[in-house]
Amino acid sequence: MRNRFDRQLAELNQDLIQMGHMIGQAIGMAISALNHRDKELAEQVIDYDDEINEEERQIENLCLKLLLQQQPVARDLRLISAALKMITDMERIGDQAADISEVTIHLIETGYKKDLEHIKKMAAETTCMVVQSVEAYVEKDEAKARDVIEHDDIVDDLFIKARGDVIDLIRSNPEEGACATDLLMIAKYFERIGDHACNIAEWVIFSITGEHEKKK
């Protein structure tokens, strides 16, 4: 019975790694579509979100099967509980990558080409946070998970600067107000991706230590 349980836990681990890879790919594609004003790639990101949602459902079903059939205790229960929480944040990261791509398509259709440097930096920083949060899970690395949580302050600071850029853009070019609003939405989606990466890191720590610490 334990051997079967261990095999299922190994399967859960691989599925989480796969979902982590999928959301990393979605973010990368969304950023590329935004930077290169690539409408076809943006549409691919939106379609890809369905695959991420399906992966979440499969992992959720496996977790519920483990909880109901195997009745895990102690550390195994923490692992499964953390997985259920993590996939929720992973799925939302996929949603936000799709949201960024939807706004990108609107920017392309309006012909707007100006980029804001702080949004590009947010894209890079949040990508790093997502990758490291998944790596922390794979490597069972508590220190790396804590680094992700600390890194969120950088993203929050960049969002404040990006918001200032948008305000300046509206003041100097009132006719570009609609596009400026789109850029602000993109910045907000990146900020949320950073928040979800933090949540994943918090659940990684919980799976290791049994303690759930919220970012202060």
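Note that the numbering runs from 1 along the sequence shown for the chain.
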Q: Does anything in residues 127-141 form a salt bridge (Lys or Arg N to Asp or Glu O under 4.0 Å)? List the pairs, not counting sequence neighbours.
A: E135-K144, E139-K144
Q: Going only through I, L, V, M, F, W and Y residues with side-chain contacts under 4.5 Å, is there a path from M185 to I193?
A: yes
Q: Could you measure the distance from the SG atom of C63 to the CD atom of Q8? Nearest 0.5 Å is fine.
A: 11.0 Å
Q: Which other residues belong to the hydrophobic cluster containing I108, where Ile, Leu, Val, Met, Phe, Trp and Tyr are joined when side-chain heavy atoms lie under 4.5 Å apart, directly or via other members?
A: none
Q: CG of L183 to CD of E176: how many Å apart, nearest 0.5 Å?
A: 9.5 Å
Q: Show which residues join I46 in its hydrophobic cluster (side-chain heavy-atom contacts under 4.5 Å, direct or indirect), or state none.
A: I105
Q: Do F159 and I170 belong to the same hydrophobic cluster, where Ile, Leu, Val, Met, Phe, Trp and Tyr are linked whenever their side-chain heavy atoms lie under 4.5 Å apart, directly or via other members?
A: yes
Q: For residues 13-25, please give each side-chain donor-acceptor pair under 3.5 Å, one per line with the distance, not counting sequence neighbours.
A:
{"unit_1": "N13", "atom_1": "OD1", "unit_2": "Y137", "atom_2": "OH", "d": "3.2"}
{"unit_1": "Q25", "atom_1": "OE1", "unit_2": "Y48", "atom_2": "OH", "d": "3.1"}

Q: Could you give the distance from CD (E56) to CG (D89), rounded to the nearest 0.5 Å?
A: 10.0 Å
Q: Output every pair passing salt bridge (Lys or Arg N to Asp or Glu O under 4.0 Å) with a member in residues 178-197, not counting sequence neighbours, ordered by first then second residue.
A: K188-E191
Q: T181 and V166: side-chain contact (heavy atoms from CB on, under 4.5 Å), yes or no, with the steps?
A: CA-CA 7 Å; T181 302; V166 169; over 6 Å; no
Q: Evaluate the side-chain proximity of C179 to L107: yes if any heavy-atom separation is below 4.5 Å, no if none is.
A: yes
Q: Just jot down the salt bridge (Lys or Arg N to Asp or Glu O under 4.0 Å) partners of E54, sequence neighbours excluded, or say none.
A: R57
Q: Using a 3.5 Å cut-off and no angle test, enumerate the donor-acceptor pairs between side-chain atoms of residues 77-84 and protein atoms at least two apart in sequence or in another chain.
A:
{"unit_1": "R78", "atom_1": "NE", "unit_2": "F206", "atom_2": "O", "d": "3.3"}
{"unit_1": "R78", "atom_1": "NH2", "unit_2": "I208", "atom_2": "O", "d": "3.3"}
{"unit_1": "S81", "atom_1": "OG", "unit_2": "L77", "atom_2": "O", "d": "2.8"}

Q: Can you list the residues that meet the salt bridge (Lys or Arg N to Asp or Glu O under 4.0 Å) rule with D147, with sequence neighbours excluded?
A: none
Q: Spell out, yes or no, whether I52 and V45 are grouped together once hydrophobic residues are joined by side-chain heavy atoms under 4.5 Å, including indirect joins.
A: no
Q: Counting C-beta onward and ignoring hydrogens, is there a side-chain heavy-atom pair between R163 and I160 closer than 4.5 Å?
A: yes
Q: Let me check something: any side-chain donor-acceptor pairs from residues 90-104 under 3.5 Å, sequence neighbours excluded? List them with distances.
A:
{"unit_1": "S101", "atom_1": "OG", "unit_2": "A97", "atom_2": "O", "d": "3.2"}
{"unit_1": "T104", "atom_1": "OG1", "unit_2": "I100", "atom_2": "O", "d": "2.8"}

Q: Only pairs under 3.5 Å count here: list side-chain donor-acceptor contacts from residues 120-130, not counting sequence neighbours, and write none if there are none.
A:
{"unit_1": "E125", "atom_1": "OE1", "unit_2": "H151", "atom_2": "NE2", "d": "2.3"}
{"unit_1": "T126", "atom_1": "OG1", "unit_2": "M122", "atom_2": "O", "d": "2.8"}
{"unit_1": "T126", "atom_1": "OG1", "unit_2": "A123", "atom_2": "O", "d": "3.2"}
{"unit_1": "T127", "atom_1": "OG1", "unit_2": "A123", "atom_2": "O", "d": "2.7"}

Q: If you compare all heavy atoms of A145 against all heavy atoms of A136, which two are closest, and at what distance to 0.1 Å?
A: N-CB, 3.7 Å
Q: Of all heavy-atom pairs between C198 and D152, which one has the smallest distance, and what is that distance?
A: SG-CB, 3.3 Å
Q: Below 3.5 Å, can you tabulate the donor-acceptor pairs from side chains in residues 26-41 to any protein atom, sequence neighbours excluded?
A:
{"unit_1": "S32", "atom_1": "OG", "unit_2": "H36", "atom_2": "ND1", "d": "3.4"}
{"unit_1": "N35", "atom_1": "ND2", "unit_2": "I31", "atom_2": "O", "d": "3.4"}
{"unit_1": "H36", "atom_1": "ND1", "unit_2": "S32", "atom_2": "O", "d": "3.0"}
{"unit_1": "R37", "atom_1": "NE", "unit_2": "Y112", "atom_2": "O", "d": "3.1"}
{"unit_1": "R37", "atom_1": "NH1", "unit_2": "L34", "atom_2": "O", "d": "2.5"}
{"unit_1": "R37", "atom_1": "NH1", "unit_2": "D115", "atom_2": "OD1", "d": "3.3"}
{"unit_1": "R37", "atom_1": "NH2", "unit_2": "K114", "atom_2": "O", "d": "3.3"}
{"unit_1": "R37", "atom_1": "NH2", "unit_2": "D115", "atom_2": "OD1", "d": "3.4"}
{"unit_1": "D38", "atom_1": "OD1", "unit_2": "E40", "atom_2": "N", "d": "3.2"}
{"unit_1": "D38", "atom_1": "OD1", "unit_2": "L41", "atom_2": "N", "d": "3.0"}
{"unit_1": "K39", "atom_1": "NZ", "unit_2": "E109", "atom_2": "OE2", "d": "3.3"}

Q: Can we say R146 and E142 salt-bridge, meaning some charged N sits less than 4.0 Å from an Asp/Glu carboxylate O?
A: yes
Q: List the residues meeting side chain to side chain donor-acceptor pair (under 3.5 Å) with D157, not counting sequence neighbours, and say none if there are none.
A: K161
Q: Any link between I200 and V138 through a network of hydrophobic side chains (Ile, Leu, Val, Met, Phe, Trp, Tyr) touching at under 4.5 Å?
A: yes
Q: Does I59 share a hydrophobic cluster with W203, counting links as ILVMFWY side-chain heavy atoms below 4.5 Å and allowing steps through other members?
A: yes
Q: Identify the heavy atoms of A180 and L169 that sit nearest to each other, and give their distance.
A: CB-CD2, 3.8 Å
Q: Measuring only between side-chain heavy atoms, which start at C-beta, is M86 closer than 4.5 Å to N199?
A: no
